[in-house]
Amino acid sequence: MSTTVGFLSTIAPSACPLHDRRSGAAPCRRLIRSRISCHSNGDAPQPPPSSLLMDRRDVLIALGGLTGGAAAAGKMALAAPVMRPDLSKCHDASSLVLGDCLKCCPPYTSGDIVDYTFPETPLRVRRAAQEVIKDSEYMDKYKEAVRRMKKLPDDHPWNFYQQAQIHCAYCNDAYDQVGFPCVPVQIHYGWLFLPWHRYYLHFYERILGKLINDDTFTLPFWNYDSPHGMTMPEIFTDASSPLYDGNRNTSHYPPVIVDYAHSHDYTAGSGETGNGLVRANQCVMQKTFKRSLQRAELFMGEPQRAGQKPCSGPGQLECIHNTIHNWVGMKEYPHTDMGDFATAARDCIFFSHHANIDRLWHIYQTMRGYKIEFNNPDWLDSTFIFYDENEQIVRVKVRGCLTPDKLWYTYQEVPIPWIDLDCGKSTETKEKTKTEPSLVRVEPFGPGPMELSKTALRARVPRPKKNRLKAEKEDEVEVLQIKDIVVDTEGPVRFDVYIAKPYGDQAGTDYGEFAGTFVRLPHTKKDYKCKGSLKLGITSLLEDIDADDSENLVVTLLPQIGKFTIGDVVIKLLPTDYRGTSLKRKISGD
Ligand code: C2O
């Protein structure tokens, strides 16, 4: 078993030059002072060897992971779930604007780690923020719970800022993957995003409940997919409340309506206001669901396996989620709190934002009849660590949070008007089509990677097959794939994707139908020049624009903020999750 020796030596801190530089040679500089005091774990006792902290199964997985890691060097696909972090190896995190010396490690490094089981509480109902504001008894409890959380000693794992550090640690590279010392644990940009945040909210909510002795306590959700919830909830904009946070874009306070097309570029966005904006947002939501229902990857993001660098392969729900972060966070550099993952959870609005994201996932699951999203142990066995409401370090797996009856919570049923909204062609598009003045020639993409910074990039992209039959569409979803995306910017980024029907090798000047978006928050690590990807389902989009009979499509990438290099743009047919069966419940209008 030479791999055993290899594994043990691989996890020695010296195995990663990047880590060495961070922890040793280069002095840690803080670029700006964060507004709360940071609690150093610098003088924590020397951690025990990590092997002592792992149970047998973890070690076995680590060994599997190492084999995969060796294979990765040979460019083979890995087959291993991302393992729980080794708490004893937690090190400084980094953020673009907050610097390389972020102290995000939890104030505990070892102890018994037990498998978590959801406590059998009464069914707890998370209610909409616009509803709970009318319930003063609830509001008093919620504020009191947060007040108590903020008053806990700085190094108490339940302390408000310690709770926010959990998010920082899992997002800003404080943990290296066990067995892969240069690969950080990252729970954004892919298929871990929704399950990890479901757990994070659960523990946060349980701790708040514990602090006020209320076993039924729930967080409210920010119902921004509904016309009734499209402004920042007022429970968070009252400056005298413990739920308040001043580090926001205050020009977005009510009655300003959230804009799913927001991009930090103050003139961009949907260009809509009032009811037009409310409608535009809802149509984005409806189409996002409709186009990604057939294949979970499109909604939830691409696989992230042990040893893989955290490149971006976000699903469309995550991109909408990123937009909300950018919209709430400070308008100017450094964009904190919500505008940077390292600080996002210092704002109570974070948890209501994520309750809605979790609720949208729940709606997605319901629409799919709870068809499992990824029937794959690499997803199902991915493992995280949390600190629960009984002050116990617990281990959880993705597979443990998928069945609603196990979780003992649900969401208040509020109307979901976007499901039935008529989102046919917008009048604007119709008019433009009618009066299309001139056609321009559009070339195929490439050759080679193309830059995307100030002007739109348009390309004629061939389809694998035209005029597909209904049965073929049920078996395979047509996917537009933007490959090898390299983000060349350190700040927030966004580009939007449009699809139009060409006339031969020409197309109108109108970009056509919005197909989806690629959005990120400012993040860390210039070192990670790794290549991301974006996949957008277009089967129903092509029906909407009557392009089923086209051999090519004109794809427009419209940069909003940031600079990118795009490796390729292709259209593929990928199996639906329902291959061979038919989707029972579909979004209306499909
Ligand atoms: Cu972990 Cu909204 O982010």
Side-chain angles (χ1 to χ4, degrees), residues 82 85 93-98 102 104 106 126 129 161-175 184-205 219-225 232-233 236 245 247-249 252 258 260 262 264 299-301 304 310 312-330 335-362 382 384-386 396 398 401 492-494 517-525:
V82 172
S94 74
S95 135
L96 175 68
V97 293
L98 302 175
L102 286 180
C104 293
R126 290 183 182 163
Y161 296 104
Q162 290 293 349
Q163 286 293 306
Q165 306 286 56
I166 295 170
H167 190 254
C168 171
Y170 271 99
C171 316
N172 289 72
D173 307 351
Y175 298 123
V185 175
Q186 173 55 259
I187 45 69
H188 297 102
Y189 313 141
W191 72 2
L192 300 180
F193 170 68
L194 290 170
W196 185 88
H197 288 82
R198 175 167 283 182
Y199 275 121
Y200 182 43
L201 252 64
H202 169 80
F203 291 111
Y204 184 80
E205 182 175 78
L219 294 161
F221 61 89
W222 175 10
N223 192 195
Y224 47 73
D225 56 305
M232 243 188 253
F236 300 116
D245 179 15
N247 292 341
R248 296 190 187 131
N249 185 339
H252 284 165
V258 66
Y260 293 2
H262 168 79
H264 276 285
F299 188 77
M300 301 181 60
Q304 289 160 293
S312 289
Q316 281 302 284
L317 186 64
E318 187 173 345
C319 288
I320 292 174
H321 146 272
N322 289 343
T323 301
I324 304 281
H325 271 275
N326 288 333
W327 188 79
V328 176
M330 286 170 75
H335 305 304
T336 54
D337 286 341
M338 275 284 277
D340 188 307
F341 286 143
T343 53
R346 295 175 187 177
D347 187 338
C348 289
I349 205 172
F350 173 98
F351 296 93
S352 286
H353 171 23
H354 273 276
N356 202 44
I357 290 294
D358 189 69
R359 173 181 157 268
L360 291 167
W361 180 23
H362 182 71
S382 292
F384 318 118
I385 293 283
F386 287 95
V396 295
V398 167
C401 74
V493 298
R494 175 178 182 129
T517 187
F518 182 88
V519 186
R520 273 180 63 164
L521 276 61
H523 204 233
T524 157
K525 288 294 162 14

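Each ligand, and each atom within it, is numbered from 1 in the order the structure gives.
- Coordination check, H197 versus atom 1 (Cu) of ligand 1: passed, since an N/O/S atom of the residue sits under 2.8 Å.
- Within the 2.8 Å limit, H167 places at least one N, O or S atom next to atom 1 (Cu) of ligand 1.
- Checked against a 6.0 Å centroid threshold, the rings of Y200 and H354 do not count as neighbours.
- The side-chain contact (heavy atoms from CB on, under 4.5 Å) with P492 is formed by just one residue from the set L521, N326, V519; it is N326.
- The side chain to side chain donor-acceptor pair (under 3.5 Å) test with T323 singles out one residue from R494, E318, H262, and that residue is R494.
- Taking the N/O/S atoms of H188 in turn, the shortest distance to atom 1 (Cu) of ligand 1 belongs to NE2.
- In this structure, Y199 and F384 have perpendicular ring planes: the angle between them is above 60°, well past the 30° mark.
- Because the distance cut-off is set at 2.8 Å, H321 qualifies as a neighbour of atom 2 (Cu) of ligand 1 through one of its N, O or S atoms.
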